[in-house]
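Since we're looking at a predicted model, the values are computed, not measured. These values consider heavy atoms only, across backbone and side chains, with no hydrogens, waters or symmetry-generated copies.
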Amino acid sequence: MMNFFKPFLLFFLLNIHSQNYVEGNVVAITDGDTFKLLTKDSTLIKVRIANIDCPERKQPFSKRAKQFTSLQVYDKEVKLEFLKKDRYGRHICNVIYNDSLSLSKELLKNGMAWHYVKYSNDSTLQVLENYARLNKIGLWQDPNAIPPWEWRSTKRKKK
């Protein structure tokens with residue numbers, strides 16, 4: 001009977017506007033900006049990290065971005081601040097780990113992602129990307145780094 005109520009409980013927890021936080025353990029890393037979280041009540045949530053975009057599979061630095069995310073949060077307790085759901089059903093979230101670190105900020109600072117300006121107006125994230133670019137950190141070692149959204153668009157046009 002309790003399993004019947006889990007989806008409703010999760011929906012309720014994720015839609016409380018004043019306190020829209022969920023905590024759990026990261027159980028799988030899909031790629032640099034997507035992972036799966038298992039809540040204390042055994043609900044599996046597919047998470048897309050908010051405001052950033054990591055290189056796609058087959059793009060340079062894709063594996064390094066995934067490895068970075070894995071080293072930061074895999075098999076660790078994290079706190080999600082739920083923002084919305086995307087068209088693929090993933091929960092778009094700010095991810096906090098080690099009590100106060102933002103996964104979005106750490107990915108940008110270490111040159112493992114682009115600030116996804118189309119979906120973000122957080123100027124501090126752009127400052128972090130600019131710093132990594134200027135210092136040629138991570139993917140910014142490549143002077144011709146292609147943003148993932150442009151790479152995806154090119155792939156779609158070829159089909």
Hey, any chance [X] and [Y] share a hydrophobic cluster, counting ILVMFWY side chains that come within less than 4.5 Å of each other, even indirectly?
| X | Y | result |
| --- | --- | --- |
| M112 | Y97 | yes |
| I45 | I92 | no |
| V47 | L83 | no |
| W149 | L107 | yes |
| I52 | I146 | no |

Donor-acceptor pair, [X] side chain versus [Y] backbone, under 3.5 Å?
| X | Y | value |
| --- | --- | --- |
| K76 | Q72 | yes |
| N20 | E81 | no |
| T154 | E150 | yes |
| D86 | Y88 | yes |
| D33 | R48 | no |
| S104 | A50 | yes |
| D142 | N144 | yes |
| N98 | L101 | no |
| T69 | G32 | yes |

Problem set entry | Residues which pass ring-ring contact (aromatic ring centres under 6.0 Å, His included) with Y131, listed by chain and number, not counting sequence neighbours | none
Exercise. Heavy atoms, side chains only, cut-off 4.5 Å: are P55 and W151 in contact?
Worked result: no
Exercise. Any ion pair linking K105 and E129 (charged N to carboxylate O, less than 4.0 Å)?
Worked result: no
Exercise. Taking NZ, NE, NH1 and NH2 as the nitrogens, is one of them in D53 or R152 under 4.0 Å from a carboxylate oxygen of the other?
Worked result: yes
Exercise. Is there a side chain to side chain contact (heavy atoms under 4.5 Å, CB included) between L125 and S120 once you walk through the steps?
Worked result: CA-CA 9 Å; L125 297 178; S120 169; 3.9 Å; yes
For this session: For D41 and T43, test the side chains for any donor-to-acceptor distance below 3.5 angstrom and give the result as yes or no.
Result: yes
